[in-house]
There are 2 protein chains.
Amino acid sequence: MSKQQAPLPLIDLNADVPCCPPLAQSQVPAETAAVLAPAFKALGDPVRLRLMSMIASAEDGEACVCDLTPAFNLSGPTISHHLKTLREAGLVDAERRGTWVYYRARPQILRQLAALLSIEPAAAATV
Amino acid sequence: MSKQQAPLPLIDLNADVPCCPPLAQSQVPAETAAVLAPAFKALGDPVRLRLMSMIASAEDGEACVCDLTPAFNLSGPTISHHLKTLREAGLVDAERRGTWVYYRARPQILRQLAALLSIEPAAAATV
DNA sequence: TGTCTGATTCGACGGACGTCGAGACAGGCG
DNA sequence: CGCCTGTCTCGACGTCCGTCGAATCAGACA
């Protein structure tokens, strides 16, 4: 049941997901886990984590594939595949402008993931 | 190079990892990505995400395997396997007391992951 | 229209992952 | 000591993932 055989063509994290109470505060419901786990999974690869960072920290908030690809010792199709994974996880958006394709981070889901992992200092003090 | 063929028996996230500047603020270095990606990967499974939440939100800060297992329609060995994955990712600690084994969350790495995903409100306003 | 460049899709291969049953290990209790 | 319960390890199986080369699609430009 842990294998995501669900199609989930495009996750709409902004729609119906409650998601927000921190993971350490209340138990994450199975449905929420099923929706958010793919996002963490998408970040669970070093290449995608760097791609996500390069996109999110880009100057104008967007990065061209032509700038992302040469940063790795990987083929173009492989980078394209990782970008598709990030896109299907709802972490980035793609837009074609003329010859080039630009990727842009979606801050909302990033905030949701960060909120899920957040720990109030009081809980940490108990250690 | 994205395939984690590294053994990484036990990640020591608290030791030499800089890790802290948000992902959207400066590019995550390859070395940092290689160390942190497995932690996200460990959270990238619905079962492990729920296990992590059940452990982190437990009453006394710890949860017994005997309480975790019946919450899923999965065999004992499978739950044990997922707990081992969380342990090797540095997300939880295990301790045997008598007959039962108790798992405890490690707040430090959770804070590091949350910090990496954090977005200052200013950046979000640019959308 | 033809051609060139940038990006994606397709098909394939090897390795990793999630799951299980069977067996082994650890500790408590008659 | 022997048995029982709880947990982990070990193989095994089917599926998914990361990677590549080849082919395809999308625009720009002459």
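In what follows, every chain begins at residue 1, and chains take the letters A, B, ... in the order their sequences are listed.
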(message) For a quick test of reading the model, state the closest non-hydrogen atom pair linking B/I109 to B/G90 and the distance between them.
(response) CG2-O, 3.3 Å
For residues 59-67 of chain A, run the donor-acceptor check on the side chains, cut-off 3.5 Å, and write out each pair with its distance to 0.1 Å, sequence neighbours left out.
residue, atom, partner, partner atom, Å
A/E62, OE1, A/R104, NH2, 2.9
A/E62, OE2, A/R97, NH2, 2.6

(message) Using heavy-atom distances to pick each residue's nearest nucleotide on DNA chain D, tell me which of A/T85 and A/G98 is more 5'.
(response) A/T85
(message) Quick check on C/dT19: is either OP1 or OP2 less than 4.0 Å from any side-chain nitrogen or oxygen of B/S75?
(response) no
(request) Starting from P on C/dC17, measure out to CZ on B/R48 and report it in whole angstrom. (result) 9 Å
(request) Provide the closest heavy-atom pair for B/S57 versus A/Q27 in the form atom of the first, atom of the second, distance. (result) OG-CG, 3.7 Å
(message) Less than 4.0 angstrom between a side-chain N/O of A/K41 and OP1 or OP2 of D/dC17, yes or no?
(response) yes
(request) Take the protein atom CG of A/L74 and the nucleotide atom P of D/dC17, then report the distance between them rounded to whole Å. (result) 18 Å
Using the 3.5 Å cut-off, write out each protein N or O paired with an N or O of nucleotides 3-12 of chain D and the distance between them.
residue, atom, partner, partner atom, Å
D/dT7, OP1, B/C66, N, 3.1
D/dT7, OP2, B/C66, N, 3.4
D/dC8, OP1, B/Y103, OH, 2.7
D/dC8, OP2, B/S80, OG, 3.0
D/dC8, O5', B/S80, OG, 3.3

(message) Without decimals, in angstroms, what is the distance between A/E95 CD and D/dA26 P?
(response) 17 Å
(request) Working to the nearest 0.5 Å, report the span between OH of B/Y103 and CZ of B/R87. (result) 4.0 Å
(request) For B/L49 and C/dG18, give me the distance from atom CG to atom P, rounded to whole Å. (result) 13 Å
(request) State which residues pass side-chain hydrogen bond (donor to acceptor under 3.5 Å, both in side chains) with B/T78; sequence neighbours excluded, sorted by chain then number. (result) B/S75
(message) Return the NE2 to CG distance between B/H82 and B/L49, rounded to the nearest 0.5 Å.
(response) 12.0 Å
(request) Round to a whole Å and report the spacing from CG of B/N73 to P of C/dG18. (result) 18 Å
